[in-house]
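Take a look at the structure set out below.
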Amino acid sequence: MGAVTAGVTLGAGAGGTARALAGQTPAGSAARRDDDYDGSAMWLRYVPVADPHLLRRYRCQATAVVVENAGRNKSYRHTRDLSMAPGSTERLMASTLEAAREELVRGLGGLLDRPVRVVHRPGRALPDGAVVVGTRESSPAVRRLVPAGDLERVGRDGYVLRSVVQGRRTFTVIAGRTDVGALYGTFAFLRRIQTHRSLADLDLAESPKVVNRHLNYWDTERLYAGNDESGTGGLNGENGAIFNFAATGAGAPLNLPVVLDRYLVAARAMASVGITGITINNVNADNSYLTDEYIAQEAALADALRPYGIRLALSIRYAAPLDSRFAPDTLTEEQMAPTDADFQDWWTRRARRIQESIPDFVGFTVKANSEGQPGPQDFGYDHGDGANGMATAVAPLGLKIYWRTFVYNPDVDSDRLKRAYLEFGHIDDEPQPDGSTGRFRDNVFLQTKNGPLDFQAREPVHPMFGRMENTNQAIELQITQEYTGQNRMLCFLAPMWEEIFKTDTYATDEQGQLLDKRLVGHVVDGTAQDHSDTAVVGVANLGNADNLTGHHFSQANLYAFGRQAWDWTLDSGDIAADWVRMTWGNSREVVDVIVSMMMGSWEALVSYQTPLGIGHQFTAGVHYGPGPSESHLPREDWNPVYYNQADSVGLGYDRSPTGSDLTAQYFPVLAARYGDIGTVPENLMMWFHHVPWDHPMSSGRIFWDELVHHYYSGVRYVGGMRRAWDSLESRIDARRFAEVKAKLALHETDAADWRDTCVGYWQRFSGRDIREPG
Ligand code: BDP
């Protein structure tokens, strides 16, 4: 066995390099704020620990990095000449354990403000303060220090983080059952330092509650993270998307297979919160992504992301087999029956073609018979047939179908919100020839938005959660802020997701008995109805802006999504605090002020945009500003007036038993609660009732005054955020401070526009005075 010093190198990213990467100045220097930092490292910035006592302690507790055999388990690479763009600072990783090692080198080098020693072959003599990473297969040290049973228990993606004392030496072991588990543990370890937590006496075992923690990415649709303020364009002649496939002009040389720094920053950020996969193209899918030319580019991207445990999926257009681009391998309309071999074999062939280049390909996301996208109904079949046809085609390849339930065919019911369940529910209830119930195949996920409308700032949960007990259900959340302020408004979404996950569905079993575990989170994580394959999907917000998300605070939403997808029981305030510490600094004032800004930001947005449960009031198409009077769109259910139903009596859509009876789609307890204006939660009141202007509210105000109060208090909160931010000027680096300050000024103006437009319009119907201080 080699001596302690055998195989020691200085970490490549350590010292000066680490500082250069993170744009830092040395510890002890007064000019620590790095005033032109642009946010491009996201929450993985690794600035030196400012507290000298803590720094000293951490330096003793993390003296060396030990990742044995990091190169042995190489990640598959399809693209021979995979390379970074010229001038890149990130580096392609050859394996997951190499990614873990390099993250520690970079992270500890930055946080501890000095190079960290890398010990490749420690033998039995681990140095005091060694940080050991690996699996029992990769690392003899892990094998000695962590019993097999402990790792069995944490499952595929989990990890153990443990302090081990041997004589006078103490080590930290970060071990996974898999390499990816060890990588997740590495990020968790670094997070402890980033958030100034103790490294002493660690004994943690963590595993995710949900198996597939997946992102959807809609390319540039609803993307507010390109650098151009309108959110439609990007830097450097690119189109603004995070990954470049078909950029033309100046951006053309940056197309895949060339790998850009930001792909790897995004990959590291995703891995740091445990994201397992990403569907890389829009749900309104373009068949190009299935062509050989694109598959070659996708394979290169998959190669670059693979060491971080991120697997690719594609959105497909259901009618792709008819596209002449695939000639001679095309089908005729007559061959499009999803139950027949022609259709299924076509998809098997395409999927196999992809899998040849991307062996860990996840499968397909499908938007069918929705908003003009083709689907099985165009060929005389239902969603069950369509989803199963595709699922049958890809099952032999081990792939999955994420079939979206965002459908709202007006022929089904006059209330848009009832339509999805009416189309899908009976398929889940259908008796099967083998005696089982439910027609959807096991490799189908039904991917359902959190609420029954469309990512509004507050919706009741979708009635399908708990109702589809025989089908794998994935919840779809929107991280990109389409309806929540886009790249202008600071809106931290974790409290909304927490509210959703922790909503009681009051789901019952076949005998009508309440289930023990019946929160939406339990339905999603499979414990409510005994599902082992589970998924949380987030529509992501990454683009080519310097800071990758457009608004610096939008990074927090991606971060929080990952943390909540891993463990939906987490407290959103704790997640905010971690993100602030990692992103803005650990001083108590910075943490307290920013966390309190964030934690009220969503409720404030609800108040000045769509308070008390009123649905979609956005101006057509853009989904940013207010348009309560709009009624010109061709579909009734795209217009704000359809949702507000304003008249001289009151405001809101009656979905109680006297109205559309959407409430009947919920389990009995919720149906009763929502169906009665006396018991419905006030924050959902107009979702379910047409509320009379003088209806008495719990505050003692009448409904009209309460409504006005919400609009005004929401805007006042934004003013408070702006002032709170100003108070941090001396504590935040100059560029980011100024950028956020400018956004908050716009935010306040636009929030006031919402208030004045909506209150002014409602007043025409209520005829009442506005009694609210401005
Ligand atoms: C809506 C978006 C639209 C998406 C659609 C969907 O406005 O761009 O295509 O959702 O989820 O919110 O399919």
Side-chain angles (χ1 to χ4, degrees), residues 214-226 230-232 239-241 278-286 289 313-319 364-375 377 383 386-387 401-410 416-417 419-420 423-424 445-459 462 464 474-487 491 493 496-497 500 535-543 557 561 605 609-610 615-625 627 630 633-635 637-640 642-643:
H214 194 78
L215 295 180
N216 278 184
Y217 185 63
W218 294 354
D219 337 319
T220 55
E221 185 169 324
R222 312 303 182 188
L223 183 67
Y224 312 101
S230 71
T232 52
N239 65 7
I278 176 167
T279 298
I280 56 170
N281 60 320
N282 195 345
V283 284
N284 300 308
D286 174 345
Y289 284 82
L314 289 175
S315 288
I316 60 92
R317 192 174 162 83
Y318 184 82
F364 298 125
T365 300
V366 191
K367 174 175 178 176
N369 292 119
S370 166
E371 300 188 327
Q373 295 301 307
Q377 292 171 347
H383 283 284
I401 300 296
Y402 285 79
W403 191 270
R404 299 178 80 234
T405 67
F406 180 63
V407 299
Y408 52 99
N409 175 357
R416 167 169 167 179
L417 276 55
R419 297 171 190 158
E423 292 216 36
F424 284 92
F445 273 111
L446 286 190
Q447 182 172 317
T448 298
K449 292 188 183 186
N450 57 273
L453 178 47
D454 186 10
F455 296 139
Q456 302 304 292
R458 176 177 268 116
E459 298 195 25
H462 203 296
M464 275 162 63
I475 194 169
E476 179 182 309
L477 304 172
Q478 194 179 46
I479 309 167
T480 194
Q481 290 169 246
E482 175 181 0
Y483 291 102
T484 49
Q486 302 186 356
N487 59 0
C491 184
L493 296 172
M496 169 168 76
W497 297 330
I500 293 160
V536 174
V537 179
V539 180
N541 57 348
L542 292 162
N557 290 329
F561 171 81
L605 177 129
Q609 285 195 340
T610 47
H616 177 50
Q617 293 302 305
F618 293 83
T619 194
V622 184
H623 298 167
Y624 179 74
E630 286 181 15
L633 289 175
R635 274 187 68 152
D637 56 16
W638 285 347
N639 287 304
Y642 170 89
Y643 296 98

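We count ligands from 1, going down the list as the structure has it; atoms in each ligand are counted the same way.
Distances from atom 10 (O) of ligand 1 to the heavy atoms of Gln373, Glu371, Lys449 put Lys449 nearest.
Residue contact annotation: Arg404 has a non-hydrogen atom under 4.0 Å from ligand 1.
Taking a cut-off of under 4.0 Å to the non-hydrogen atoms of Tyr483, the atoms of ligand 1 that pass are 12 (O). Near Arg222, meaning under 4.0 Å from one of its heavy atoms, ligand 1 places the atoms 2 (C), 3 (C), 7 (O), 8 (O). Contact atoms of ligand 1 toward Phe406: 5 (C), 6 (C), 10 (O), 11 (O), 13 (O) (distance under 4.0 Å to a heavy atom of the residue). Distances below 4.0 Å separate heavy atoms of His623 from the following atoms of ligand 1: 7 (O).
Side-chain contact annotation: Glu482 with Tyr224, donor-acceptor N/O pair under 3.5 Å absent. Between the side chains of Tyr408 and Trp638, at least one donor N or O lies within less than 3.5 Å of an accepting N or O. Between the side chains of Asn409 and Gln377, no donor-acceptor pair of N or O atoms lies under 3.5 Å. Defined by atom type and a distance below 3.5 Å, a donor-acceptor pair is present between the side-chain atoms of His214 and Thr279.
Among all non-hydrogen protein atoms, the one lying nearest atom 8 (O) of ligand 1 is Glu221 OE2, 2.3 Å. For atom 7 (O) of ligand 1, the closest non-hydrogen atom of the protein is Glu482 OE2, 2.5 Å. Here the heavy atom of the protein found nearest to atom 13 (O) of ligand 1 is Lys367 NZ, 2.6 Å. Looking from atom 1 (C) of ligand 1 to the surrounding protein, the closest heavy atom is Asp454 OD2, 3.2 Å.
Checking only distances, Gln478 never comes within under 3.5 Å of ligand 1, N or O to N or O. Checked against a 3.5 angstrom limit, the closest N/O atoms of Glu476 and ligand 1 fall outside it.
No side-chain heavy atom of Val407 sits less than 4.5 Å from a side-chain heavy atom of Arg419. Between Phe406 and Gln373 there is no side-chain heavy-atom pair separated by less than 4.5 Å. Inter-residue side-chain proximity for Phe455 and Arg222 is flagged as unmet; no heavy-atom pair is nearer than 4.5 Å.
Within the 3.5 Å criterion, the main-chain N or O of Asn282 finds a donor-acceptor partner in the side chain of Asp219.
Ring planes of Tyr483 and His623: parallel class, angle under 30° (limits at 30 and 60°).
If you look at Val539 next to ligand 1, there are no close heavy atoms at all, none under 4.0 Å.
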